[in-house]
There are 2 protein chains.
Amino acid sequence: MARRSQTETAVLGGLSMQPMTAYALREAIRDVLGHFWSESFGQIYPTLNALEQQGHVERREGPRSGSSTFVITASGTARLRELLSEPIAASPPRNGLLLRLFFGRTLGVRKCRELLLEAKADAERSLAEYDDLARTLSAEEEGSPDLPYVLMTVSAGGHGAEGVIAWADEALAMLAGIPADDSTNDATPTDGES
Amino acid sequence: MARRSQTETAVLGGLSMQPMTAYALREAIRDVLGHFWSESFGQIYPTLNALEQQGHVERREGPRSGSSTFVITASGTARLRELLSEPIAASPPRNGLLLRLFFGRTLGVRKCRELLLEAKADAERSLAEYDDLARTLSAEEEGSPDLPYVLMTVSAGGHGAEGVIAWADEALAMLAGIPADDSTNDATPTDGES
DNA sequence: GTGTGCATGTAATGAGTTACATGATTAC
DNA sequence: GTAATCATGTAACTCATTACATGCACAC
């Protein structure tokens, strides 16, 4: 747990695929890892400096004057392997959609339906994106030893999206069974008694 | 965005289902919302105090001397409705499993397989739990106006777990297609050149 | 009378995000 | 020359978690 927590993993991992400038690294993390991981960019530079001091990465001449390309060292690869082998620290769940639906009685049937339709549309859109991405990557990165692993994570996104779609359909059906009671929607609260 | 960010929503939502002590609330959040939401308990008490000062909850005699039961007020219900209607602030994705698999070339085929088998087993276990939970709740809370909404969130958990299982099978099949190259596992890194 | 669980809170810490500040290079 | 983009960093701030501190009440 060398602090920098998982930022270290993401940074070393990115550099394990290819040497990059810090700038390129942060774009890679945003665009490529972005589907399932995020890093605060404010920590990438400090982490790179720390890793350099520990000898896990080396600074080389960058593509421009003043810029540096970072290259992972053998010790960095070992460190990455170590980090990847650590038990997965489950980040606390925070599903804003489910939080809203859970209190759906207060939110109202109509808004719940809207949320579900929106979630379903989002999932359908991202499912299409994942399919595209898988096809593009298979073609462009053909033969790369990283490809199968990358495809696995893309596939996870796809299955997740499919799960959301199936769930949304089910939930919409359940919603349809609830009397579209407008008193729970925007009218006076049902604080009848006591 | 009254700060206390979403803690406010969870607290008001919990009290919208029934009046509780702060202690009971934090257990409810842990046990019931726990599948898709988490709150740092250190924020529940301050949030309750803030809500009390704003008139969104009222403090009543608790079940013991010195303890208080909190009751949501009409303005609290209105506030909750407002909070639930706010756009969903997507929390940054942080999937530790996918982060590891993405760098699977470095981690090694064997450990990837272990991770996937573990994830699949976890998903199967929680799928069974969700099924149980749905059955139990349907029986125990029969007739509650909150029940259908609660069941929707349970169903989301189930579909999610099913998605993970399907994905894990696919990913394991992909893994099987990779030469179980032990050089990428624990042997010397493939830092051949330069 | 004592231990377990109910009950209430606060302080310290640490992690993560944003916004800011700065400058070089390249394309137009 | 000037706008966009590459490039590097830091400081301030918010947010969240953990651990700690305290005490009552009820069952045994």
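Chain letters run A, B, ... following the sequence lines, proteins first and then strands; every chain starts at 1. Scope of the values below: all heavy atoms of this structure, side chains included, with no hydrogens, waters or symmetry mates.
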- Task: Using the ring pair (Phe, Tyr, Trp, His ring centres under 6.0 Å) rule, collect all pairs that involve residues 69-97 of chain A, keeping only residues at least two apart or in two chains.
- Result: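 Sorted pair list comes back empty.
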- B/Arg64 side-chain proximity, nearest of C/dT17, D/dT17, D/dC24: D/dC24
- Which residue lies more 5' along DNA chain C, comparing B/Pro63 with A/Ser65 via nearest heavy atoms: B/Pro63
Using the test salt bridge (Lys or Arg N to Asp or Glu O under 4.0 Å), find all partners of [X] that sit at least two apart in sequence or belong to another chain.
X: B/Glu82; value: B/Arg79
X: B/Asp122; value: B/Arg125
X: A/Glu58; value: A/Arg60

- Query: Taking CD1 from B/Ile44 and P from C/dT8, how many angstroms apart are they, rounded to a whole number?
  - Reply: 11 Å
- Protein-nucleotide distance (B/Leu48, atom CG; C/dA7, atom P), rounded to Å: 14 Å
- Query: Using the C1' atoms of the five pairs at each end, what is the angle between the end axes of the helix from C/dG1-D/dC28 to C/dC28-D/dG1, to 10°?
  - Reply: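 The value is 20°.
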- Side chains of B/Glu118 and B/Arg113: does their closest heavy-atom pair fall under 4.5 Å? no
- Query: Given side chains that start at C-beta, do those of B/Leu101 and B/Leu116 come closer than 4.5 Å, heavy atoms only?
  - Reply: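 Yes, close enough: below the 4.5 Å cut-off.
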- Query: Under 3.5 Å, is there a donor-acceptor pair between the side chain of B/Thr73 and the main chain of B/His56?
  - Reply: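 Side chain of B/Thr73 to backbone of B/His56, a donor-acceptor pair under 3.5 Å: yes, one is there.
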- Any donor-acceptor N/O pair, B/Ser75 side chain to B/Gly55 backbone, under 3.5 Å: yes
- Message: Applying side chain to side chain donor-acceptor pair (under 3.5 Å) as the test, list every pair that has at least one member in residues 137-148 of chain A; sequence neighbours left out.
- Response: A/Asp146-B/Arg105
What pairs of donor and acceptor atoms, side-chain ones from residues 155-167 of chain A against any protein atom, are under 3.5 angstrom apart with sequence neighbours left out?
{"residue": "A/Ser155", "atom": "OG", "partner": "B/Glu170", "partner atom": "OE2", "Å": "3.0"}
{"residue": "A/His159", "atom": "NE2", "partner": "B/Glu170", "partner atom": "OE1", "Å": "2.7"}
{"residue": "A/Trp167", "atom": "NE1", "partner": "B/Met152", "partner atom": "O", "Å": "2.9"}

When rounded to the nearest 0.5 angstrom, what is the spacing between [atom1] in [X] and [atom2] in [Y]?
X: A/Leu84; Y: A/Ser16; atom1: CG; atom2: OG; result: 8.0 Å
X: B/Leu115; Y: B/Leu172; atom1: CG; atom2: CG; result: 10.5 Å
X: B/Arg100; Y: B/Thr106; atom1: CZ; atom2: OG1; result: 13.0 Å

- Report yes if at least one side-chain N or O of B/Ser40 is closer than 4.0 Å to OP1 or OP2 of D/dT17; otherwise report no.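 Checking D/dT17 against B/Ser40, a side-chain N or O does come within under 4.0 Å of OP1 or OP2.
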Which donor-acceptor pairs under 3.5 Å do side chains of residues 24-37 of chain A form with protein atoms, sequence neighbours excluded?
{"residue": "A/Trp37", "atom": "NE1", "partner": "A/Glu39", "partner atom": "OE2", "Å": "2.7"}

- Query: Side chains of A/Asn49 and A/Arg59: donor-acceptor distance under 3.5 Å anywhere?
  - Reply: yes
- Message: Among residues 89-98 of chain B, which ones have heavy-atom contacts with DNA chain C below 4.0 Å?
- Response: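 Heavy-atom cutoff 4.0 Å gives B/Pro92, B/Arg94.
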Every protein N/O lying under 3.5 Å from an N/O of nucleotides 8-12 of chain D:
{"residue": "D/dT8", "atom": "OP1", "partner": "A/Ser68", "partner atom": "N", "Å": "2.9"}
{"residue": "D/dT8", "atom": "OP1", "partner": "A/Ser68", "partner atom": "O", "Å": "3.4"}
{"residue": "D/dT8", "atom": "OP2", "partner": "A/Ala22", "partner atom": "N", "Å": "3.2"}
{"residue": "D/dT8", "atom": "OP2", "partner": "A/Tyr23", "partner atom": "N", "Å": "3.1"}

Would you tabulate the nitrogen or oxygen pairs shorter than 3.5 Å linking the protein to nucleotides 1-4 of chain D?
none

- Query: Taking DNA chain D as the partner, which of residues 27-39 of chain A come within under 4.0 angstrom of it by heavy atom?
  - Reply: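 Heavy-atom cutoff 4.0 Å gives no residues at all.
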